[in-house]
Enquirer: 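Structure below; questions to follow.
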There are 2 protein chains.
Amino acid sequence: MTTLPIGQVSEQSGVKVPTIRYYEQIGLLPTPPRTEGNRRLYDGDDLKRLAFIRHARELGFDVGAIKALLSLQDHPEQSCSEADAIARSRLVEVRERISRLRALERELERMADHCEHTGTVAACHVIETLADPTHRHGRLDD
Amino acid sequence: MTTLPIGQVSEQSGVKVPTIRYYEQIGLLPTPPRTEGNRRLYDGDDLKRLAFIRHARELGFDVGAIKALLSLQDHPEQSCSEADAIARSRLVEVRERISRLRALERELERMADHCEHTGTVAACHVIETLADPTHRHGRLDD
DNA sequence: ATAGGTCCTCTAGTCACTAGAGAAGCAAGA
DNA sequence: TCTTGCTTCTCTAGTGACTAGAGGACCTAT
């Protein structure tokens with residue numbers, strides 16, 4: 001089984017060294033074993049976990065939400081209803097994000113296309129694109 | 001034309017009062033006119049702008065990215081190529097986020113469905129769902 | 001054995017808020 | 001008009017999630 005020092009894990013996961021230590025400190029990463037000389041040793045699972053955390057953070061999930069998601073992974077023995085509740089509530093959030101991002105995507109596409117075809121700047125309506133779906137009157141995109 | 005005090009704007013936009021003042025301070029919001037008694041006065045445009053900022057932040061865009069998006073809206077006279085560059089680079093980012101969120105959505109759906117149908121906890125593979133598309137071998141989900 | 005790199009802990013700084021203190025403004029009733 | 005209570009004002013300090021730096025230990029290669 002391959003083990004990696006923190007620098008390698010950092011490089012391969014895209015998470016900076018101090019951030020990895022920080023994640024350990026706040027309990028997002030398990031405390032890894034150490035060498036004789038007190039250096040942290042990681043394995044492939046840690047690598048994947050870190051990459052997951054990085055992407056989830058980039059998508060705007062806070063540490064609490066990420067902990068909840070990882071707990072699904074970490075505790076397959078937990079009650080079905082509990083896991084289900086976590087998965088479902090995250091699912092609602094994820095779907096809302098997707099629909100907002102799609103609206104923004106369409107607006108940016110429209111602007112880029114307009115520019116390409118006419119050589120002029122399109123009126124920009126990005127502000128409308130992220131309107132709160134729960135407050136909207138029109139239909140929601142699919 | 002209706003004007004609103006900061007408290008109303010806060011309530012209707014979902015952005016807290018100190019946060020609104022903070023956005024003014026860092027230049028995300030224009031400095032509003034004041035009453036005789038030195039209180040800020042906002043209008044409907046400010047309201048929309050604030051709601052946009054809130055949603056964009058929730059989606060994980062940082063202030064710099066939001067400024068760039070708002071600049072498209074604010075400066076229709078700017079060069080086409082500049083606006084286009086901003087729109088296109090945001091577009092790439094937005095599409096990547098969408099595809100990752102969709103992968104996560106599918107995994108959460110799978111888990112919720114599994115629980116519903118079998119009454120047992122599904123093996124959770126959320127970690128795999130956000131893998132870096134640029135490092136993946138399989139095809140990307142549209 | 002020593003030079004250069006990686007790692008250690010600890011403290012402090014950054015970004016984007018968020019909460020609190022203390023004072024001034026304003027609206028409504030006694 | 002005065003006062004009670006709410007909103008707003010500015011300013012300072014605290015939070016969450018990093019991020020950078022100091023000072024020192026470890027480790028590899030020559």
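Every chain is numbered from 1 and lettered A, B, ... according to where its sequence line falls, protein lines coming before strand lines.
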Enquirer: Is the NZ atom of A/Lys67 crowded by more than 12 outside heavy atoms at less than 6.0 Å?
Expert: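 Buried by this count: over 12 neighbours within 6.0 Å.
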Enquirer: Answer yes or no: does a side-chain N or O of B/Thr19 lie under 4.0 Å from OP1 or OP2 of C/dT18?
Expert: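 So the side chain of B/Thr19 is within the cut-off, an N or O lying under 4.0 Å from OP1 or OP2 of C/dT18.
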Enquirer: Take B/Lys16 and B/Ile26, find for each the nucleotide of DNA chain C with the closest heavy atom, and name the residue whose nucleotide sits nearer the 5' end.
Expert: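 Closest to the 5' end, via its nearest nucleotide, is B/Ile26.
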Enquirer: Rounded to the nearest Å, what distance is computed from the CG atom of residue A/Leu50 to the C1' atom of nucleotide D/dC18?
Expert: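 My rounded result for the distance is 14 Å.
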Enquirer: In this structure, how many angstroms lie between the C1' atom of D/dC18 and the CG atom of A/Leu28, rounded?
Expert: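 That distance rounds to 12 Å.
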Enquirer: Could you check which of D/dT8, D/dA17, C/dC8 has an atom nearest any side-chain atom of A/Asp62?
Expert: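 The answer is D/dA17, which lies nearest to the side chain.
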Enquirer: Check the distance between D/dT12's P and B/Gln25's CD and give it to me in whole angstrom.
Expert: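 After rounding, the reported distance stands at 11 Å.
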Enquirer: Atom CZ of A/Phe61 to atom C1' of D/dC18: distance rounded to whole Å?
Expert: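 To the nearest whole Å, that distance equals 19 Å.
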Enquirer: Output yes when at least one side-chain N/O atom of A/Arg39 is less than 4.0 Å from OP1 or OP2 of D/dC27, else no.
Expert: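 The answer is no; no side-chain N or O of A/Arg39 sits under 4.0 Å from OP1 or OP2.
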Enquirer: Remember a base hit wins even if backbone is also touched, and classify B/Val17 as base, sugar-phosphate or nothing at under 4.0 Å, heavy atoms.
Expert: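 Contact class for B/Val17: none.
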Enquirer: Under a 4.0 Å threshold between the charged nitrogen and the carboxylate oxygen, would A/Arg110 count as salt-bridged to A/Glu107?
Expert: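 Yes.
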Enquirer: Separation of B/Lys67 atom NZ from C/dA16 atom C1', in whole Å?
Expert: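 Distance, rounded to whole Å: 12 Å.
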Enquirer: Side chain of A/Pro5, heavy atoms from C-beta onward: which of D/dC18, C/dC7, C/dC8 has the nearest atom to it?
Expert: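 Closest of the options to the side chain of A/Pro5: C/dC7.
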Enquirer: At 4.0 Å (heavy atoms only), tell me whether B/Tyr23 reaches a base, stays on the sugar-phosphate, or touches nothing.
Expert: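 It contacts sugar-phosphate atoms only.
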Enquirer: When you check the phosphate oxygens OP1 and OP2 of C/dC8, does a side-chain N or O of A/Arg21 lie under 4.0 Å from one of them?
Expert: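 Yes, because at least one side-chain N or O of A/Arg21 sits under 4.0 Å from OP1 or OP2 of C/dC8.
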Enquirer: Provide, to the nearest angstrom, the distance between the CG atom belonging to A/Leu4 and the C1' atom belonging to C/dT6.
Expert: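 Computing the A/Leu4:CG to C/dT6:C1' distance gives 14 Å.
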Enquirer: For A/Ile20 and D/dC18, give me the distance from atom CD1 to atom P, rounded to whole Å.
Expert: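 Distance check: A/Ile20 CD1 to D/dC18 P gives 12 Å.
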Enquirer: Among B/Arg39, B/Arg40, B/Glu24, B/Glu11, which residue satisfies the side-chain contact (heavy atoms from CB on, under 4.5 Å) criterion with B/Ile6?
Expert: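 When B/Arg39, B/Arg40, B/Glu24, B/Glu11 are each tested with B/Ile6, the side-chain contact (heavy atoms from CB on, under 4.5 Å) holds only for B/Arg40.
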Enquirer: Tell me the interatomic distance from A/Tyr42, atom OH, to C/dT6, atom P, rounded to whole angstroms.
Expert: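 From A/Tyr42 OH to C/dT6 P: 16 Å.
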Enquirer: Considering only side-chain heavy atoms of A/Asn38, which listed nucleotide, D/dT19, D/dC9, C/dT9, is closest?
Expert: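 For A/Asn38, the side-chain atoms sit closest to C/dT9.
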Enquirer: Would you say that B/Phe52 contacts B/Ile66 through its side chain, given a criterion of any heavy-atom pair below 4.5 Å between the two side chains?
Expert: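 Sidechains of B/Ile66 and B/Phe52: in contact.
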Enquirer: Taking only side-chain N and O atoms of A/Arg57, does any of them lie within less than 4.0 angstrom of OP1 or OP2 on D/dC18?
Expert: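 Looking at the OP1 and OP2 atoms of D/dC18, one of them is under 4.0 Å from a side-chain N or O of A/Arg57.
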Enquirer: Establish, for the pair B/Arg97 and B/Phe61, whether the NZ or CZ atom is under 6.0 angstrom from the six-membered ring centre and no further than 45 degrees off its axis.
Expert: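 Yes, a cation-pi geometry holds between B/Arg97 and B/Phe61.
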Enquirer: Is the phosphate of D/dG16 approached by A/Tyr22 (side-chain N or O, under 4.0 Å from OP1 or OP2)?
Expert: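 Checking A/Tyr22 against D/dG16: no side-chain N or O falls below 4.0 Å of OP1 or OP2.
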